[in-house]
Amino acid sequence: MKYINVAINLPVKNLFKQFTYAVPPQLDHVDVGWRVVVPFGYQTVEGFVTSLAAAAPAEYECKEILATLDTRPWFDAEMLATANWLSEYYLCSPAEAMRLFIPGKTSIKRQAVYNDEGKLIAYDYENKLKIKTRICFVVTKAGREALVAYNKRLRAQMHALEVLAEAERPLSGEELASVQVSAATLRILCEKGWSERSEQRVLRNSYANRTELKESLHLTDEQRQAVEAIGSAITEPHQETFLLQGITGSGKTEVYLRAAAQAMEAGKQVLLLVPEIALTAQIVKRFQAWFGDEVAVAHSKLSQNERADVWYKMRTNSAKLLIGVRSAVFAPFSDLGLIIIDEEHESSYKQDERPNYHARTVALKRAQLSGIPVVLGSATPDLESFYKARQGTYTHLRLLQRANGSMLPHVEIADMRLELQRGNKSVLSAALNDALLQTAVQGEQAIVLLNRRGFSTFVMCRDCGESIVCPHCAVALVYHSAGEAMRCHYCGNTAPIPDECPNCHSRRIRFFGTGTQKAEAEIAELPEIRILRMDQDSTVKKFAHEDILKSFSSGEYNVLLGTQMVAKGHDIPNVTLVGILSADSTLNLPDFRASERTFALLTQAAGRAGRGDRAGHVVLQTYDPDNPVIKLAATQDYDAFAASELEIRQELGYPPYTEILKITVLDKEEVRGSSLAQRIVNFLQTLQLEHPEQELLVLGPFPAIVAKVRDLYRMNILVKCPQMELVKRALWNSEFKECRNVFFDVDPVSVV
DNA sequence: AGCACGCCGACT
DNA sequence: GTCGGCGTGCTC
């Protein structure tokens, strides 16, 4: 009997343990990397075979596995190694890491098998993912011979054989009917043995028929050099990471296309990661125009079945290029040759729930294991990537010129303090007001960016100054005019607007802040303005995003107002003005990345202006015009910003000069939570004393900025260390690893 | 995740 | 006296 160790795929955090099962003789082919169905306690669950066990364990009698889920192992050696590394790096269980590679949460389905008398005799376990198939026809050897012999009297049959012989793939009845081959003829062909039926898997593709014409621009010198550099790592495959730093409009996509084409010509597959698929419809279209059906797309709005189809295409090499969001980094490839990460600085590459992986980190690991190049593209690289490029760890490729020779926009700073002094209480400065009017008169378009943070409307009592907070979370409720209710942005609870203050019973309650709706109303009042709003509420549908951008670029509207998403990834030539309502609303968050994020957002937004033949104009409204980040964003000088910000990071001990780990303890009892947090801190301080050479720093515990969410108190601990391995290993071997209410966020995006 | 085991409050 | 609350622990 063969014995295997299995990681159980249950959505629990603290199941680090593996379990040994026996393999019955009929399933003897099962090996490491297979997905199996196993009895586990009172249930039947999916498991991953992680290793072979030498012998039957002595202490207990182990159960037998019930079935396999696939006809081949799901994990190859590289995927297993990546999963293994991931669980150690991100401090999660092996099963949690391996689950990321599966399209969907679990894939098993139990089917009851009955005998003739209707009695239950067994259960059949199968893959719950439905494989859509259809009957197709192929020509047989005998059929080809019959075609050569050609019998003139069998006109329809000869025609059918011709069609089948010419097609390089099996054809469906439907396809054959469209070229005048009837079902009757096909039946005869099959009876004669000239043709055979074969069942073909049908792959669902919601992006079919959305292609546009291939356009090929000629490359600038900079672009050509970048393509050549990347090409050399493809033709002589080795791991090399390129930071492609190109200003907005410098044509990074053109470089991606050529690099992808080179890899595909060499017979390799390509993975292109994008921050959010909805914002990148343009990039998908351009790649489809070049590569047609070779392109597969994966994002969170695909159904589990669609996703499984995409995975299947990549694994069987029937698609060569995968464009996808964060989770696509876990796709199975048959022969991956290049990974491209667009807008690599975007925080959406970091998963904000456990395991809190970063797609870029995972991609680099997979590339290292496969020995293939990675291209990181951005106008405003993550400071960590920029630092590595400057150190020479990454190859630095720069695009300093706009591809079509257009000018960078002119940025004007509007001091909102002066506006207030002058009695302007509108959300629009005089400068932005005038610029909007002028844009409308000239028949041009404008984008207005509103950072939701700092703009949401909260409800406050005028007498006692208390704002109305969520009863379950430590945050203010936000007023939504739709439905006349207040909603908590953390737990989603809604509450009606009270008549009187719950604190002092005053009836003098009023609304503060400026929401999207208020800004929209104010701008809409201007003459000649036809405004369109884009935010989370207006983009729930699969292609709603694209539709909004389409109707905006058609000229139906001349102002597009929205949150961060209006700032990214689209190119509308008639946009000459970009207004930023509050440049500093993200700047003052208590987070070490606030400056970096603000700079990137302002640069991206400004880059939307003047991408056609007309010069762009940006109005940047701020209450803090002397802030160095705002000033540098106005000149769009990334290098100067990076230099000053890196200095600050070094001084304060933040990445890229140190690694950080955030540990969060959740408990509905505040005291119990803080005492557990304190125990973790004590544990780390002991480690600190034992290893003074590690330069380990432990901060906290302190309550999170949002100290309570859904009635759970949150305590944070921050660990800083230039090399985190030792700390991670210590935690891995500690009791805290399996605590249900302790969460590790390795390389957190935010420390609050 | 399920499910059992186990130890404290309000009820037929 | 017991029904049931959910805290804790186990599943090869």
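Sequence lines set the chain letters: A, B, ... in the order given, protein chains first and strands last, and positions in each chain run from 1.
- Atoms CG (Leu676(A)) and C1' (dG7(C)) sit 15 Å apart, rounded to a whole Å.
- Without hydrogens or angle criteria, Asn733(A) side chain to Arg729(A) main chain gives a donor-acceptor distance under 3.5 Å.
- Ring-plane geometry between Tyr349(A) and His358(A) is classed as tilted, the angle between the planes lying from 30 to 60 degrees on a 0 to 90 degree scale.
- More than 12 heavy atoms of other residues, nucleotides or ligands shown are found within 6.0 angstrom of CD on Gln26(A).
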Any N/O pairs under 3.5 Å between the protein and nucleotides 9-12 of chain C? List them or say none.
| residue | atom | partner | partner atom | Å |
| --- | --- | --- | --- | --- |
| dG9(C) | N7 | Arg740(A) | NH2 | 3.2 |
| dC10(C) | N4 | Arg740(A) | NH2 | 3.3 |
| dT11(C) | O3' | Gly41(A) | N | 3.2 |
| dC12(C) | OP1 | Gly41(A) | N | 3.4 |
| dC12(C) | OP2 | Lys63(A) | NZ | 2.3 |
| dC12(C) | O3' | Thr20(A) | O | 3.1 |
| dC12(C) | O3' | Lys63(A) | N | 2.4 |
| dC12(C) | O2 | Thr20(A) | N | 2.8 |
| dC12(C) | O2 | Tyr60(A) | OH | 2.3 |
| dC12(C) | N3 | Tyr60(A) | OH | 3.2 |
| dC12(C) | N4 | Lys17(A) | NZ | 3.3 |

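- Using a distance-only test at 3.5 Å, with no hydrogens or angles considered, a donor-acceptor pair links the side chain of Arg366(A) to the main chain of Val329(A).
- Ser750(A) contributes atom OG, which lies 4.0 Å from atom CG of Asp591(A) (distance to the nearest 0.5 angstrom).
- Atom P of nucleotide dA1(B) and atom CZ of Arg354(A) are separated by 8 Å, given to the nearest angstrom.
- In this structure, Leu712(A) places its CG atom 12 Å from P of dG7(C), rounding to the nearest Å.
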